[in-house]
Amino acid sequence: MSPLIRSFFHFDSGTWTHVIVDPSTLLAVIIDPVLDFDAGSGEVTTTSAQRVLEYIDNAALTVAWILETHIHADHLSAAAWIRSQRGAGAHRARIGIGAGVRHVHERVAERLDLRQEFASDGSTFDRLFVDGDCVVVGALDIEVMATPGHTPDAVSYRVGDAVFVGDTLFAPRLGTARCDFPGADAAVLYRSIQQLFALPDDTRLFLCHDYPADGEEPVAQTTVSTQKAHNVMLNGETSEQHFFEARRARDATLPAPKLLWPSLQVNIRAGQLPEPEDNGVCIVRTPLRERN
């Protein structure tokens, strides 16, 4: 089965949001939606998420689920905002993520001393998935594949001939996700990618990010066969040791994501902004470290 998929690119963060549609019931699933955030002014807007909902409305779709592939460190999730815009009670859209999010919660809460502000049990999400779980949306059966390594909560979602891989793989010219975040592990990521490479060669792999050069179009999807043949960091012939060494060397050159701390604090809350202070302003924390 080839499900109906519409993809939206957020240029500021290089992020893909995907919408899966079941034509028989007009139910939809949104994967990795994005809020617009200006770090300089602190302004959060919903222009990009509204573009997704315009498509939903024009096609007369109902959002059943909002699925996150992992806790993102480079953009703010629009999951909570979309949920607030789409139904209530039994018709309320639900938000899901991998059960490993508990480990991410604990690390972020400890680093920023947020442990008194919210529960770190993942209860800000409607469902925490483990490997092999299935989400049924109309005629669609969405299988959850645990694909950790970049983060401990990373999952991929397989429906028909399509898999939504999050940051596990990038377009072949870019390679794979980084493995230098707390809880990340290059050896674990290698094994996760081998799961994807074991799928049929014509399986479509939908990406979470792309960073095209000037004049190039962003790439939303590749295939298993293309990745095995051409991925610059981990192809079908790459050994675990070679990947581990190459990934470690590459990660040593990468700066921290510009929106790291705002993203983590919002995304561990499923996209909800922190509770406003008395003046109505939401505050996020940034740990400072003096270097001699």
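Note that the coordinates shown come from a computational prediction; the quantities given were computed from them, not determined experimentally. FYI, side chains are in, hydrogens and waters are out, and symmetry mates aren't considered; it's all heavy atoms of this structure.
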Check: Asn267 side chain, Ser77 main-chain N or O, donor-acceptor pair, under 3.5 Å
yes
First locate atom CD of Gln227, then atom CG of Leu196, and finally report the distance between them rounded to the nearest 0.5 Å.
9.0 Å
Which atom names give the shortest non-hydrogen contact between Ala187 and Phe244, and what distance separates them?
N-CD1, 4.2 Å
For Thr147 and Ser156, test the side chains for any donor-to-acceptor distance below 3.5 angstrom and give the result as yes or no.
yes
Measuring from atom CG of Leu76 to atom CD of Gln265, what distance do you get when rounded to the nearest 0.5 angstrom?
9.5 Å
Could you tell me whether the side chain of Trp16 and the main chain of Ile31 form a donor-acceptor pair under 3.5 Å?
no
So, do His209 and Thr15 sit near enough that their side-chain heavy atoms are less than 4.5 Å apart?
yes
Hey, could you give me the CG/CE distance between Leu199 and Met145, rounded to the nearest 0.5 Å?
5.0 Å
pair Arg285-Asp113: side-chain heavy atoms closer than 4.5 Å:
yes
Looking only at heavy atoms, what is the nearest atom pair of Asn231 and Met233, with distance?
OD1-N, 3.0 Å
Report yes if some heavy atom in the side chain of Glu106 is under 4.5 Å from a heavy atom in the side chain of Ile268; otherwise report no.
no
Side-chain donor/acceptor of Arg247 to backbone N/O of Ala177, under 3.5 Å:
yes
Other residues, nucleotides, ligands: >12 heavy atoms within 6.0 Å of Arg94 CZ
yes
Taking every non-hydrogen atom, the tightest pair across Gly96 and Tyr157:
O-OH, 3.8 Å
Picking from Asp126, Thr124, Ile82, what satisfies side-chain contact (heavy atoms from CB on, under 4.5 Å) with Ile95?
Asp126
Applying side chain to side chain contact (heavy atoms under 4.5 Å, CB included) to Leu174 and Val232, what does each step give before you reach the verdict?
CA-CA 7 Å; Leu174 296 177; Val232 297; 5.9 Å; no
Got Tyr55 and Leu61 here, is their nearest side-chain heavy-atom distance under 4.5 Å?
yes
Same cluster or not: Val165 versus Val159, using hydrophobic residues (I, L, V, M, F, W, Y) connected whenever any side-chain heavy atoms lie under 4.5 Å apart?
no
Is Arg204 salt-bridged to Asp161, cutoff N-O under 4.0 Å?
yes
Inspect the contact between Asp210 and Arg173 and indicate whether a charged nitrogen and a carboxylate oxygen are less than 4.0 angstrom apart.
yes
Is the centre of the His75 ring less than 6.0 Å from the centre of the Phe37 ring?
no
In terms of heavy-atom contacts, Thr46 and Gln50 come closest through OG1-NE2, 2.6 Å
Using the rule that two of Ile, Leu, Val, Met, Phe, Trp, Tyr join whenever any of their side-chain heavy atoms come within less than 4.5 Å, decide whether Ile283 and Leu260 are in one cluster.
no
With a 4.5 Å limit on heavy-atom distance, are the side chains of Thr223 and Leu205 in contact?
no
Would you please say whether a donor-acceptor pair under 3.5 Å links the side chains of Ser48 and Asp36?
yes
Can you check whether Ile97's main-chain N or O pairs, donor with acceptor, with Asp153's side chain at less than 3.5 Å?
no
Derivation of the side chain to side chain contact (heavy atoms under 4.5 Å, CB included) call for Leu140 and Val29:
CA-CA 10 Å; Leu140 303 176; Val29 175; 5.5 Å; no
Measure the spacing between CZ of Phe164 and CG of Asp32 and express it to the nearest 0.5 Å.
10.0 Å
Are the side chains of Arg107 and Glu110 in contact, using a 4.5 Å heavy-atom criterion?
no
Using the ring of each side chain (for Trp, its six-membered ring), is His18 parallel, tilted or perpendicular to Phe206, with breaks at 30° and 60°?
perpendicular
Test side chain to side chain contact (heavy atoms under 4.5 Å, CB included) on Leu234 and Gln194 and set out the steps.
CA-CA 10 Å; Leu234 202 171; Gln194 296 311 306; 3.5 Å; yes
Over 60° means perpendicular and under 30° means parallel, so classify the ring planes of Phe170 and Tyr211, tilted if in between.
perpendicular
For Asn279, does the CG atom sit with more than 12 other heavy atoms under 6.0 Å from it, leaving out its own atoms?
yes
Are the ring centres of His72 and His70 closer than 6.0 Å?
yes
Residues Ala99 and Val130: closest non-hydrogen pair is CB-CG1, 3.9 Å
For Arg51, all residues meeting salt bridge (Lys or Arg N to Asp or Glu O under 4.0 Å), sequence neighbours excluded
none
OG on Ser13 to CG on Leu259, rounded to 0.5 Å
8.0 Å
Does Lys228 reach the side chain of Glu237, with side-chain heavy atoms less than 4.5 Å apart?
no
With rounding to the nearest 0.5 angstrom, report the CD to CG distance, Glu275 to Leu273.
9.5 Å
Residues Gly122 and Val101: closest non-hydrogen pair is CA-CG1, 4.3 Å
Do the rings of Phe243 and Tyr190 sit parallel, tilted or perpendicular, given the 30° and 60° boundaries?
tilted
Tell me which one of Ile30, Ile66, Val63 satisfies side-chain contact (heavy atoms from CB on, under 4.5 Å) with Arg86.
Val63
In sequence, state the C-alpha distance, the side-chain angles, and the governing distance for Leu26 and Thr62, and then conclude on side chain to side chain contact (heavy atoms under 4.5 Å, CB included).
CA-CA 6 Å; Leu26 296 182; Thr62 298; 5.9 Å; no
Are Phe129 and Val188 linked, directly or through intermediate hydrophobic residues, by side-chain heavy-atom contacts shorter than 4.5 Å (ILVMFWY only)?
no
Applying a strict under-4.5 Å side-chain criterion to I, L, V, M, F, W and Y, I'd like to know whether Val34 and Val52 cluster together.
no
Asp22 side chain to Ala139 backbone, donor-acceptor under 3.5 Å:
yes
Would a 4.5 Å heavy-atom cut-off, applied to side chains only, mark Pro274 and Val284 as touching?
yes
Is it the case that one hydrophobic cluster holds both Phe9 and Val19, taking links as side-chain heavy atoms less than 4.5 Å apart, direct or via other members?
no
Short side-chain to backbone donor-acceptor contact, His150 and Cys179, under 3.5 Å:
no
